S.K.: 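The structure follows.
Just so it is clear, the values below take in all heavy atoms, side chains as well, and ignore hydrogens, waters and symmetry mates. Indexing begins at 1, ligand by ligand and atom by atom, following the structure's order. Here the structure is a predicted model, which means the values were calculated and not measured.
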Amino acid sequence: MVKIKVQNSNVTYTDNSLSTIYNYKNSLVEIDSNGDYNVTPTFHDYQFNVDLTPPKTGLLLVGLGGNNGSTLVSAIEANKQAISFNTKEGEIKPNYYGSVTQSSTIKIGVDSEGKDFYVPFNSILPFVNPNDLIIGGWDINKDDLSKAAIKAKVLDFDLQSKLSKTLKKYKPLKSIYYPDFIAANQNERANNVLNVTKSGDVDLNSKLANLEQIRSDIKNFKISNGLDKVIILWTANTERYSEIIPGVNDTASNLLEAVKKNHSEVSPSTIFAIASILEGVPFINGSPQNTFVPGVVELSEKHDSFIGGDDFKSGQTKLKSVLAQFLVDAGIKPISIASYNHLGNNDGFNLSSQEQFKSKEISKSSVVDDIINSNRILYKEGEKIDHTIVIKYLKAVGDSKIAMDEYYSELMLGGHNRITISNICEDSLLATPLIIDLVIMTEFLSRVQYKELGGNNQQRSLYPILGYLSYWLKAPLTRVGFETINGLNKQRLGLENFLKILVGLPITDELRFEERLN
Ligand code: NAI
């Protein structure tokens with residue numbers, strides 16, 4: 001892999017670390033009594049330090065035996081073992097298409113003729129190679145991943161067969177099952193459950209023991225595989241929302257108490273998040289439910305342990321966060337968005353239940369809010385657009401989710417514009433590369449330290465809610481008091497520029513003076 005070394009006096013390399021001084025510029029805008037905007041430039045000097053050695057990293061998936069889990073392991077094994085396979089279109093070589101870290105590029109400057117110069121995203125800094133991830137995880141279903149991949153119907157038959165022996169070795173650990181949180185139709189999958197009584201009934205009165213079991217699973221995985229670092233990612237079924245109850249899940253100490261008291265509003269995903277935080281292991285939530293109740297967020301702050309979520313932004317929503325931004329930035333006023341989905345995989349089966357659908361509806365609905373709020377010419381304060389989300393289970397289409405969207409907008413002088421999009425998502429093949437990116441980036445961000453120069457000189461890691469992951473997430477978890485950013489281009493720009501400043505490159509501005517000045 002080529003290395004990038006920037007000739008910048010603010011950058012210092014040692015064998016295994018990189019230190020960069022960056023002057024962060026922003027503008028503070030205040031409205032004065034005449035309604036004028038007073039803008040004051042702000043400057044802060046930061047020193048960033050990056051550990052340049054990618055550690056031996058393990059990934060524990062909650063929901064290992066699902067479509068995403070089995071597709072992820074298959075993709076990594078196919079790439080690692082360079083397994084090509086045949087389809088009716090001919091031979092396919094393994095790749096990581098759809099992954100930003102593995103298959104996209106970043107512009108780092110221009111060549112001597114002024115032409116843009118791009119490098120692979122993963123050459124800008126040393127990231128973990130997904131082929132090197134050690135993977136394990138939990139599932140309430142006991143099937144090994146060879147059987148899971150057959151059930152998922154995602155991979156071509158030849159690849160399923162070629163991977164079969166390898167996938168058989170992946171067996172999910174027993175997991176936590178509180179039936180009230182996922183659809184009743186998932187009950188028959190639940191044959192690998194750790195919270196059962198001696199007679200085999202589901203036990204809802206052992207939440208502290210469940211938490212301890214997950215902590216011990218994490219420790220064992222780390223030790224038995226000789227890992228430096230572990231990351232946990234929830235790709236299990238969408239749960240219903242937990243009710244936020246003062247005294248139960250509103251603070252870290254109340255939440256830990258609620259676990260001890262087996263409170264019914266403590267969900268399996270929240271138990272996994274608590275276990276991860278107490279083990280100092282980053283936890284990412286790929287589903288829409290409110291795993292990160294206020295008590296979890298406070299716990300992550302107390303332990304300085306990274307969290308990120310919620311809900312993978314894979315197909316329909318990703319496009320929405322580009323298209324809505326384009327319309328509003330063009331001065332066109334979307335007045336309604338209708339989003340229909342039908343899908344026939346187990347995720348769709350679970351979402352056919354009202355409470356679980358509601359979690360998804362909330363996560364899908366908020367995605368244009370910041371975009372609308374950015375334009376007070378088109379939208380008055382508090383104005384909303386008509387935005388409806390429909391999801392239907394249609395077994396026949398399997399993992400090939402169909403997303404259909406209609407964007408209805410107001411144009412000049414009472415005219416209207418209607419854009420209709422039909423998007424065949426191939427759900428798990430879109431979601432799996434996102435898992436890779438979330439994990440690779442989380443691991444990397446945990447190697448970044450900073451201090452503010454002229455401040456108290458204390459080295460800190462990034463704030464525990466990893467906002468730079470938002471590009472991959474439908475409803476990005478955001479620090480309390482700050483606005484959630486959904487626009488995809490803004491999300492990518494923030495991430496890309498952060499990586500650039502770490503190596504001493506100027507941030508992307510597209511001024512192109514070489515061409516445009518005389
Ligand atoms: P899936 O239904 O195929 O897999 C989920 C797996 O989780 C199943 O194997 C199930 O047995 C297991 N499970 C359920 N509760 C569990 C628990 N408490 N502990 C451990 N395992 C448990 O679903 P799929 O397609 O893999 O999606 C996973 C999640 O990702 C869903 O919540 C889905 O909404 C979310 N998601 C998926 C996207 C996609 O494009 N595939 C996009 C956005 C989010």
S.K.: Would you mind running through ligand 1 and noting each atom that sits below 4.0 Å from a heavy atom of Gly65?
M.R.: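 Checking each atom against Gly65, I get 9 (O).
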S.K.: Tell me, please: is Asp311 in heavy-atom contact with ligand 1, that is, under 4.0 Å?
M.R.: yes
S.K.: Please write down residue, atom name and distance for the protein heavy atom closest to atom 40 (O) of ligand 1.
M.R.: Asp427 OD1, 2.8 Å
S.K.: Assess Asp139 for proximity to ligand 1: is some non-hydrogen atom of it under 4.0 Å away?
M.R.: yes
S.K.: What distance do Ser104 atom OG and Asn122 atom CG have between them, rounded to the nearest 0.5 Å?
M.R.: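 So the gap between those two atoms works out to 8.5 Å.
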S.K.: Just which atoms of ligand 1 are under 4.0 Å from any heavy atom in Thr238?
M.R.: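 Answer for ligand 1: 31 (C), 32 (O), 33 (C), 34 (O).
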S.K.: Could you identify the single nearest non-hydrogen protein atom to atom 2 (O) of ligand 1 and state the distance to 0.1 Å?
M.R.: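 Nearest neighbour among protein heavy atoms for atom 2 (O) of ligand 1, to 0.1 Å: Asn346 ND2, 2.7 Å.
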S.K.: Check each heavy atom of Lys313 against ligand 1 and say whether those closer than 4.0 Å belong to the side chain, the backbone, both or neither.
M.R.: neither
S.K.: Starting at OG1 of Thr105, measure out to CD of Glu496 and round the result to the nearest 0.5 Å.
M.R.: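 That separation rounds to 8.5 Å.
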S.K.: Please indicate whether Lys174 has more than 12 foreign heavy atoms, meaning atoms of other residues, nucleotides or ligands, lying under 6.0 Å from its NZ.
M.R.: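 It does not: Lys174 NZ has 12 such atoms or fewer within range.
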S.K.: Hey, could you give me the CD1/NZ distance between Ile389 and Lys360, rounded to the nearest 0.5 Å?
M.R.: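 Going from CD1 on Ile389 over to NZ on Lys360, the span is 11.0 Å.
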S.K.: Is there at least one pair of N or O atoms, one from Ala431 and one from ligand 1, spaced under 3.5 Å apart?
M.R.: no
S.K.: Please determine whether the number of non-hydrogen atoms from other residues, nucleotides or ligands lying under 6.0 Å from atom OH of Tyr463 exceeds 12.
M.R.: yes
S.K.: Heavy-atom contacts with Arg189 under 4.0 Å: which atoms of ligand 1 show up? List them by number with element.
M.R.: 8 (C), 9 (O), 10 (C), 11 (O)
S.K.: Among Asn345, Asn68, Leu72, which one puts a heavy atom closest to atom 27 (O) of ligand 1?
M.R.: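 Nearest heavy atom to atom 27 (O) of ligand 1 lies in Asn68.
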S.K.: Hey, does Asp347 come in under 3.5 Å of ligand 1, counting only N/O atoms on both sides?
M.R.: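 Yes, Asp347 has an N/O under 3.5 Å of an N/O on ligand 1.
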S.K.: Rounded to the nearest 0.5 Å, how far does CD1 of Ile140 lie from CG of Asn191?
M.R.: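 Reported value, rounded in 0.5 Å steps: 8.5 Å.
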S.K.: Which residue and non-hydrogen atom of the protein lie closest to atom 18 (N) of ligand 1, and at what distance in Å?
M.R.: Ile176 O, 2.7 Å
S.K.: Residue-level breakdown please: for Ala236 versus ligand 1, do any non-hydrogen atoms fall below 4.0 Å on the side chain, on the backbone, on both, or on neither?
M.R.: both
S.K.: Do the rings of Phe127 and Phe444 sit parallel, tilted or perpendicular, given the 30° and 60° boundaries?
M.R.: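 Phe127 vs Phe444 ring planes: perpendicular.
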S.K.: Got a sec: does the CZ of Phe498 have more than 12 other heavy atoms crowding it under 6.0 Å?
M.R.: yes
S.K.: Determine whether more than 12 heavy atoms belonging to other residues, nucleotides or ligands lie under 6.0 Å from atom NZ of Lys80.
M.R.: yes
S.K.: How far is atom 42 (C) of ligand 1 from its nearest protein heavy atom, and which residue and atom is that?
M.R.: Ser314 OG, 3.4 Å
S.K.: Looking at Asn67, which atoms of ligand 1 are within less than 4.0 Å of one of its heavy atoms?
M.R.: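 Answer for ligand 1: 1 (P), 3 (O), 4 (O), 25 (O), 26 (O).
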S.K.: Does any N or O of ligand 1 fall below 3.5 Å from an N or O anywhere on Ser428, backbone included?
M.R.: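 Ser428 vs ligand 1: no N/O contact under 3.5 Å.
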S.K.: Identify the protein heavy atom lying closest to atom 14 (C) of ligand 1, giving its residue, its atom name and the separation to 0.1 Å.
M.R.: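 The closest heavy atom on the protein side is Asn237 OD1, 3.2 Å.
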S.K.: Check the surroundings of atom CD1 in Ile245: do more than 12 heavy atoms from other residues, nucleotides or ligands lie under 6.0 Å from it?
M.R.: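 Yes - once you tally the heavy atoms of other residues, nucleotides and ligands closer than 6.0 Å, there are more than 12.
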S.K.: Please indicate whether Glu89 has more than 12 foreign heavy atoms, meaning atoms of other residues, nucleotides or ligands, lying under 6.0 Å from its CD.
M.R.: no
S.K.: Does Leu299 form a side-chain contact (heavy atoms from CB on, under 4.5 Å) with Ile274? I'd like the steps, not just the answer.
M.R.: CA-CA 8 Å; Leu299 195 68; Ile274 298 172; 3.8 Å; yes
S.K.: Can we say Asp427 and Lys401 salt-bridge, meaning some charged N sits less than 4.0 Å from an Asp/Glu carboxylate O?
M.R.: yes
S.K.: Suppose I only count heavy atoms of Val62 and a 4.0 Å limit; which atoms of ligand 1 are within that range?
M.R.: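 Counting atoms of ligand 1 from 1, those under 4.0 Å from Val62 are 19 (N), 20 (C).
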S.K.: Lys360 near ligand 1, heavy-atom distance under 4.0 Å?
M.R.: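 Checking ligand 1 against Lys360, which is what was asked, there is a heavy-atom contact under 4.0 Å.
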S.K.: Hey, are Glu265 and Arg240 close enough for a salt bridge, meaning a charged N less than 4.0 Å from a carboxylate O?
M.R.: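 Here Glu265 pairs with Arg240 in a salt bridge, since their nearest N and O are under 4.0 Å apart.
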S.K.: Crowded around Lys261 NZ? As in, over 12 foreign heavy atoms under 6.0 Å?
M.R.: no
S.K.: Relative to atom 13 (N) of ligand 1, which among Leu351, Leu473, Ile140 owns the nearest non-hydrogen atom?
M.R.: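 Considering heavy atoms of Leu351, Leu473, Ile140, the nearest to atom 13 (N) of ligand 1 sits in Ile140.
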S.K.: Does Gly66 reach ligand 1 with a nitrogen or oxygen that is under 3.5 Å from one of the ligand's nitrogen or oxygen atoms?
M.R.: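 It does: an N or O of Gly66 is found under 3.5 Å from an N or O of ligand 1.
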S.K.: Which atoms of ligand 1 have any heavy atom of Gly286 under 4.0 Å away?
M.R.: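 Once the distances to Gly286 are compared, the set is 30 (O), 35 (C), 36 (N), 44 (C).
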S.K.: Once you restrict to heavy atoms under 4.0 Å, what part of Trp234 touches ligand 1? Side chain, backbone, both or neither.
M.R.: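 Under 4.0 Å from ligand 1, Trp234 contributes side-chain atoms alone.
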S.K.: Would Tyr177 count as a polar contact of ligand 1, with the cut-off being nitrogen or oxygen pairs under 3.5 Å?
M.R.: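 No, Tyr177 has no N/O under 3.5 Å of an N/O on ligand 1.
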S.K.: What's the shortest distance from atom 28 (C) of ligand 1 to any protein heavy atom, and which residue and atom give it?
M.R.: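 Ranking protein heavy atoms by distance from atom 28 (C) of ligand 1, first comes Thr235 O, 3.1 Å.
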S.K.: Which of the numbered atoms in ligand 1 are under 4.0 angstrom from any heavy atom belonging to Ser175?
M.R.: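 Result: 17 (C), 19 (N), 20 (C).
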S.K.: Would Lys474 count as a contact of ligand 1 if the rule is a heavy atom under 4.0 Å away?
M.R.: yes
S.K.: Do NZ/NE/NH1/NH2 and the carboxylate oxygens of Lys474 and Asp310 come within less than 4.0 Å?
M.R.: no
